[in-house]
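Atom set for the values below is all heavy atoms of this structure, side chains included, hydrogens, waters and symmetry mates excluded. Given the structure is predicted, the values throughout are model-derived calculations rather than measurements. Below, read A as the first sequence line, B as the second, and so on, with proteins coming before strands; counting in each chain starts at 1.
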Amino acid sequence: MALKTILIVEDDRFIGEMYVRSLKKAGYDVDWMVDGNDGLIAARNKQYDLILLDVMLPERRGSEILDALRGSNEDLIPHSKVVILTNFEQDDESRSAMEARADAYLIKAEITPSKLLAVIEQLSQ
Amino acid sequence: MAVEPQSSHKPQLVKDFWPRFKRGAVFLIIGLQVLILIAIAALLSSSGFFKDNPLGFTATLVAQSILGIVASLVIYRFVAKPIKYLLAALVHVAGEPTNSTPPNPNEAHFERSGLKPVLQTVYQLASDIKDPIEEGRETRLPTPVGETKPSDTLPKTDRTPLETALDETPAGFVAFNNERVITYANKAAPLRVDTAGTKTLELLFNEHDNLFTWWDECEKSAVHAEKIWPRIPNKLPNEEDRRFFDIIASYDKGASSEVVVTLIDRTYLYSVEEEELDFIAFAAHELRGPITVIRGYIEVLQDELSDTLKDDQTELFRRLSVSASRLSGYINNILNTSRYDRRHLNMHLSETTLKAVYDTISDDMSQRASSQQRLLTVSIPEDMPTIAADTASLGEVLGNLIDNAIKYSNEGGLINVTAAQKGDTIEIAVEDHGIGMPANVVSNLFQKFYRSHRSRETVAGTGIGLYISKAIVESHGGTISVRSEDGHGSTFIVSLPTYKMVADKLKASDNKNEQIISSGRGWIKNHNMYRG
C-alpha cells in the first residue's frame, strides 16, 4: 500500500515546518497539528495513511493520544501507520509501551528529513 | 569443721572456686600441723623427754607449731599465687560479675615471674573463642612479650572497646577470610543474611567490575592490592532506604582477613545526582530540539541550493551537517553514560544483522570520513549469522570507534571496518593507521574520562566514548578489545555472540521482564541477562 496522506502532530514550529516542507515536496498530502487535543481529533475525524506523533505535546501527550487511538479494546485506526518522533528520553516502560503500539520509534535529532522519507518509504512496502 | 558442699542447684561459677580452694588449703595446713604436733608429742613423751624436761618439751612443741605454720603459709602463698591470678583472669574472661580488677600482664612482677605470657594466652584464647564473628579463625599465637598493645591484652567483656567504637562509626567495615566468607562486619555495613544464616554484602556492583572479579584478579597476580569503587547502591531505585557507598577494598594474600572492605556512606551526595538524571533527560530534550532543526535545515538548504552551490560551498555544508550529526551522537554518549552510571542503561535486544545496524549510520560515517579526508572502507558480509542487538546503541558504538579512528589518524589515512564470523561470535574490527598508542595507555583506555597524555594536548574529547562503548558491548554479552602499536595505528575489535547463542537467554529474560516491568523495575533486565 502506498502511503499518501500524513498527519503530523508536532508542537515545535521549526521542526513541524521542516517536515511539512520536505514531505510536501516529496508529494505527500500533509496535515499538521500543533497540540495534542487537535492531533487526536484530527486522527479520529479523518483516515490518514500515516501519523507522525511527537511525545511531549501541549494539552495531551503523544502517549495518551496513542492510547486513545490504539488502546487495549479497539484499534480506531486500523488502516494507519504510526511513527513516534521524539527527542525526549522516555523511561523504559513508557517507551516500550509506545513501541509496542507504533510502527516505528525514532529520535528526531538522529534523523534528517531525507532519513524520515526513507523510513516512510520502507513502511509503504 | 567441714567444707560446706556446693548446693547442686546453684550454677557453678569460676569465681566461687578460689574462696573454696583457699578455705580447704587453710584447713589442710592447720589439720596437718595438729597431726604433726600430736605425733611429735607422742614420740617425745614415749622417750621420756616430757618427764625429764617439761619446759623444754612445751617450748619444742610451741616452736614447732609456729615454725610449721609459718613455713606452710609461705609455701602455700608461693604455690597458690599464680593460681590466684589465673583464676582472677578467668573470672573476667568468663564475664562473671566481680569487684576485683583483672590482673594486668604488663605489670613488672608478672614479667619477672614469667606469668605475663600465661595471662596473655588466656586473654588471647578468650578473644578468639568469645568473638562469634571470629569463630573459625585459626587460633592466633600469643603476642610476643614486649610487643603487646594494651588494647590487645585488656580482658574482653562482651565486646572489645575497638568493636564498640567500630559500631559507632557511620563507615562500614567488613572482613573476609580467604574462603570469601564474611568473618567480621560492623553495624554500618549493609549485610544480607539468607535463611541458612550466610551473610553477604548487600551491594549492587556492576556485574563486570565487582569485588569478586577484582579478588579473582588479585589471587592471580597480587600480594597487596587496593581498589576503590565509587557510588555503589545497596538497593534498586524505588526501593526503600536506598543508600550509596564509596567502597575501598584492600587485599593481603595469606592474611587471616584476606580482604577488608571499607564502605563510606555517600547517600547525601549521590542521591542528589540521582535526581539529576531527570534533569539530564530534560536537558537532552532541550538540546536535541535545536540539533534536529539545524540538521534538517542544513539538508533542506543543501538540497534546494544544490544547483547554485559551488564546490567549496558544498563542502561547507557537508562540514555543517557532519558537525551537527556528531553533536547528536555526543548527546547520546552523555545520556547513556549518565544512565549507565546510575544503572538505568537498558538494551532492547532484538534479532538483526550487523549489516543492518551499520546501514543506519553508514551515510553519517562516510560523510564524516570524507569531510576530514579519511578513506573509509567498510566490508561487512551480508550472509553472516544474525546477532541480538540494540540497533541504536550498537550503532553508537561503531560511530564512536570510527570517530576515534578519524581523530587519531592523519589526513589521507585509511580506516578499515571489517567483520567476520569467529566460531559462535561475530567480530567487527575498526582499524586505523594513525598514531597508535603505547601499551601503558591501552590498559586505561576504557576508563571513564581517561585521555592519554598525548591526546590531551592534541585531540579534543572528554574520554567517555570508549567507556560507554564498552558498557554497551558488554550489555550485549560481548567484549571489546584493542590492539595497538605506538606510531602504527590501532585496531578496535568488538566481539558479539550470534543470535543463536543468546536466543534462549533472551527469551527467558523476556518472560521475566513482564513480571519485572509490572513491578516497576524494568531496567534490571539487561543486568541480569548475562549474569552467570
Side-chain angles (χ1 to χ4, degrees), chain A residues 8 10-27 30 32 34 52 54-58 61-63 72 83-100 102-119 121-122, chain B residues 237 277-278 280-304 321 324-325 327-332 334-336 338-339 344-348 350 359-361 363-364 392 395-396 399 513-514 516-526:
Chain A
I8 300 177
E10 167 65 65
D11 64 321
D12 186 308
R13 221 184 108 225
F14 287 2
I15 296 176
E17 276 181 14
M18 182 173 83
Y19 290 151
V20 171
R21 183 186 174 114
S22 304
L23 291 171
K24 278 193 169 156
K25 230 178 154 213
V30 187
W32 171 25
V34 172
L52 299 179
D54 192 8
V55 175
M56 293 285 269
L57 286 167
R61 293 249 178 152
S63 44
S72 41
V83 172
I84 309 298
L85 274 175
T86 182
N87 271 332
F88 186 64
E89 277 291 310
Q90 282 187 287
D91 65 78
D92 254 28
E93 290 152 41
S94 328
R95 178 173 172 158
S96 305
M98 289 194 86
E99 273 178 318
D103 297 281
Y105 188 108
L106 301 168
I107 301 290
K108 283 185 275 189
E110 273 154 35
I111 58 159
T112 55
S114 65
K115 265 255 175 76
L116 180 62
L117 288 172
V119 170
E121 194 65 34
Q122 258 186 342
Chain B
L277 182 62
D278 279 345
I280 290 173
F282 276 100
H285 177 246
E286 295 304 303
L287 285 169
R288 277 171 169 174
I291 290 172
T292 311
V293 176
I294 292 168
R295 288 187 79 177
Y297 281 129
I298 289 169
E299 191 190 79
V300 170
L301 272 179
Q302 195 181 0
D303 206 34
E304 295 184 1
S321 92
S325 95
L327 201 52
S328 118
Y330 198 63
I331 289 175
N332 289 334
I334 294 176
L335 259 173
N336 283 336
S338 109
R339 298 194 141 202
H344 290 280
L345 181 68
N346 204 347
M347 294 294 128
H348 302 261
S350 58
D359 281 348
T360 62
I361 58 163
D363 291 348
D364 274 356
E396 277 158 31
N513 277 353
E514 299 199 351
I516 293 168
I517 284 175
S518 63
S519 70
R521 290 181 201 160
W523 68 274
I524 198 177
K525 57 198 175 200
N526 70 316

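- In this structure, chain A has heavy atoms under 4.5 Å from both the backbone and the side chain of B:V293.
- For A:S114, the parts lying under 4.5 angstrom from a heavy atom of chain B are both the backbone and the side chain.
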Worksheet entry | Working for side-chain contact (heavy atoms from CB on, under 4.5 Å), residues B:I294 and A:F14 | CA-CA 10 Å; B:I294 292 168; A:F14 287 2; over 6 Å; no
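- Residues that satisfy the ring-ring contact (aromatic ring centres under 6.0 Å, His included) test with A:Y105, not counting sequence neighbours, are absent from this structure.
- Neither the backbone nor the side chain of B:S321 has a heavy atom closer than 4.5 Å to any heavy atom of chain A.
- Judged by distance alone, with hydrogens and angles left aside, the side-chain atoms of A:K108 form no donor-acceptor pair with the main-chain N or O of B:I291 at under 3.5 Å.
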Discussion item. I'd like to know whether B:R288 forms a side-chain contact (heavy atoms from CB on, under 4.5 Å) with A:T86, so could you lay out the CA-CA distance, the side-chain angles of the two residues, the decisive distance to 0.1 Å, and finally the verdict.
Written reply: CA-CA 9 Å; B:R288 277 171 169 174; A:T86 182; over 6 Å; no
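- You'll find the side chain of A:F88 stays beyond 4.5 Å of the side chain of B:E286, heavy atoms only.
- Both the backbone and the side chain of A:E17 come within less than 4.5 Å of a heavy atom in chain B.
- Residue B:S328 holds its OG atom at 10.5 Å from CD1 of A:I111, rounded to the nearest 0.5 Å.
- Between atom OG1 of residue B:T292 and atom CD of residue A:E110 there is a gap of 9.0 Å, rounded to the nearest 0.5 Å.
- Counting heavy-atom pairs under 4.5 Å between each of A:L116, A:I107, A:D12 and chain B puts A:I107 at the top.
- Closest approach of A:S22 and B:V300 over heavy atoms only: OG-CG2, 3.8 Å.
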Discussion item. Set out, in order, the CA-CA distance, both residues' side-chain angles and the distance that settles side-chain contact (heavy atoms from CB on, under 4.5 Å) for B:E299 and A:M18, then state yes or no.
Written reply: CA-CA 10 Å; B:E299 191 190 79; A:M18 182 173 83; over 6 Å; no
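- With a 4.5 Å cut-off on side-chain heavy atoms, A:R21 and B:E304 count as touching.
- Applying the salt bridge (Lys or Arg N to Asp or Glu O under 4.0 Å) test to B:E396 and every residue at least two apart in sequence or in another chain returns nothing.
- Put simply, the side chain of B:Y297 does not reach to within 4.5 Å of the side chain of A:T112, judged on heavy atoms.
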